[in-house]
2 protein chains.
Amino acid sequence: MEFDRMSSAGYLLNYSARLFAELLRNRIAPLGIVPGQFPALLALWEKDGVTQKELLATLDIEQATLANTLTRMERDGLITRKEHPADARARTIHLTERGRFIRDSAYQAATQINQEALAGLSEAETKAFLDSLRRVIGRIKEDEKSL
Amino acid sequence: MEFDRMSSAGYLLNYSARLFAELLRNRIAPLGIVPGQFPALLALWEKDGVTQKELLATLDIEQATLANTLTRMERDGLITRKEHPADARARTIHLTERGRFIRDSAYQAATQINQEALAGLSEAETKAFLDSLRRVIGRIKEDEKSL
DNA sequence: TCGCATTGCATAGCAAGCTATATAATATTA
DNA sequence: TAATATTATATAGCTTGCTATGCAATGCGA
């Protein structure tokens with residue numbers, strides 16, 4: 001009556017994010033990776049051999065979340081971690097051969113999912129949609145600072 | 001280079017959903033509730049005394065997720081569960097006084113958050129944005145069926 | 001250079017989502 | 001009506017996010 005979920009940006013964003021994640025999960029399962037590993041993989045495909053701290057700086061998650069994700073990625077044979085040559089606290093993160101190998105298929109999967117999910121929108125609508133998303137994100141991050 | 005997160009609907013949706021949830025979490029913390037309880041509360045404020053199955057039918061989550069959320073809501077003193085008069089397998093779900101009491105403040109908090117987060121968009125842009133979200137959701141759910 | 005602050009990472013513990021499976025009660029059917 | 005199927009809910013175990021905290025190594029200032 002008074003609060004319609006389907007008119008609430010917060011609700012719609014949560015729901016669509018879950019649907020997207022599910023789609024992606026199904027699509028990349030054959031590659032042996034899961035959605036939470038995607039951002040870290042993207043970053044490592046760009047630049048390998050970095051420390052956790054350097055990797056973290058390129059991602060929008062918390063340090064503890066990344067540490068746990070990296071542990072699972074190591075368990076799954078996607079990365080290895082070596083001692084840092086100069087700082088015994090740090091470790092450098094390296095893609096395994098498998099981690100490197102799946103790159104193209106993973107890109108393709110993600111690109112396809114985005115295309116399919118947005119297939120109902122025109123090119124102009126898609127542009128506006130992504131732009132609105134970026135502006136909403138920017139707005140919330142501004143807001144947070146002023147707390 | 002080849003895959004820019006900030007142009008990926010999936011990434012932007014995940015990120016904005018997390019930011020929204022964080023905002024909501026902070027805003028409703030004083031009420032003693034958390035974001036995951038919101039949809040169930042909305043439904044119960046509309047109609048109380050229902051079974052888990054009836055409640056589930058109005059939500060977009062899985063049965064097991066709801067069962068766990070209800071257990072936490074009971075622990076937190078928001079609901080109680082009574083034996084169903086006619087079916088010993090089922091239980092009816094009832095808001096406590098506290099669960100009923102926070103209704104208006106919770107509505108207000110959610111409404112405010114939506115407004116603030118969308119404050120950078122014009123009315124027309126907001127409309128288009130919500131409409132795109134609903135269309136994307138619809139599209140993915142269609143897709144899923146044909147798997 | 002010794003002591004303290006900072007830094008890099010890990011761990012604990014929680015929420016909220018999922019799938020798969022268990023359990024008990026009810027309903028159906030041979 | 002006895003055996004079987006279905007239904008309502010709960011539980012186990014996983015991921016992905018979070019905050020708070022621990023711990024060891026490094027860096028810096030007196």
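Below, each value reflects all heavy atoms present in this structure, side chains not excepted, and no hydrogens, waters or symmetry copies. Please read these numbers as outputs of a predicted model, since none were measured by experiment.
- If you measure from atom CZ of Arg25(B) to atom C1' of dT16(D), you get 13 Å, rounded to the nearest angstrom.
- Counting heavy atoms from C-beta on, the side chains of Gln63(A) and Gln52(A) come closer than 4.5 Å.
- Side-chain proximity of Glu62(A) to the nucleotides dA8(D), dT26(D), dC18(D) is greatest for dC18(D).
- For dA12(D), neither phosphate oxygen OP1 nor OP2 lies less than 4.0 angstrom from any side-chain nitrogen or oxygen of Asn68(B).
- Side-chain N/O atoms of Gln63(A) and base N/O atoms of dA10(C) include a donor-acceptor pair closer than 3.5 Å.
- One atom, CZ of Arg18(B), and another, P of dC18(D), lie 5 Å apart when rounded to the nearest Å.
- Annotation: of the two residues near DNA chain C, Asp76(B) and Thr65(B), the 5′-most nearest-nucleotide partner is Asp76(B).
- Arg72(A) comes within 4.0 angstrom of a nucleotide base, judged by non-hydrogen atoms across all strands.
- Distance from the side chain of Arg89(A) is smallest to dT7(C) among dA10(D), dT26(C), dT7(C).
- Grouping the Ile, Leu, Val, Met, Phe, Trp and Tyr side chains by contacts below 4.5 angstrom, directly or via other members, places Met73(B) with Tyr107(B).
- Among the heavy atoms of the strands lying under 4.0 Å from Ala64(A) is at least one base atom, whether or not backbone atoms are also near.
- Under the 4.5 Å side-chain heavy-atom criterion for Ile, Leu, Val, Met, Phe, Trp and Tyr, Val50(A) and Phe3(B) are members of the same hydrophobic cluster.
- Out of dT9(D), dA10(C), dT26(C), the shortest distance to the side chain of Lys53(B) is found at dT9(D).
- In this structure, Asn14(A) places its CG atom 12 Å from C1' of dG17(D), rounding to the nearest Å.
- Of the candidate nucleotides dA25(D), dT16(D), dA10(C), dA10(C) has the atom lying nearest to any side-chain atom of Ala67(A).
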Verify salt bridge (Lys or Arg N to Asp or Glu O under 4.0 Å) between Asp60(A) and Arg18(B), making sure each step is shown before the conclusion.
-> CA-CA 10 Å; Asp60(A) 302 306; Arg18(B) 282 188 286 129; 5.6 Å; no
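- Residues Glu62(B) and Thr65(B) have side chains that never bring a donor and an acceptor to within less than 3.5 angstrom of each other.
- Across all strands shown, Thr51(A) has heavy atoms under 4.0 Å from sugar-phosphate atoms exclusively, and none from any base.
- Mapping Glu22(A) and Arg75(B) onto DNA chain C by nearest heavy atom places Arg75(B) at the nucleotide closer to the 5' end.
- Rounded to whole Å, the distance from CG on Leu70(B) to P on dA10(D) is 8 Å.
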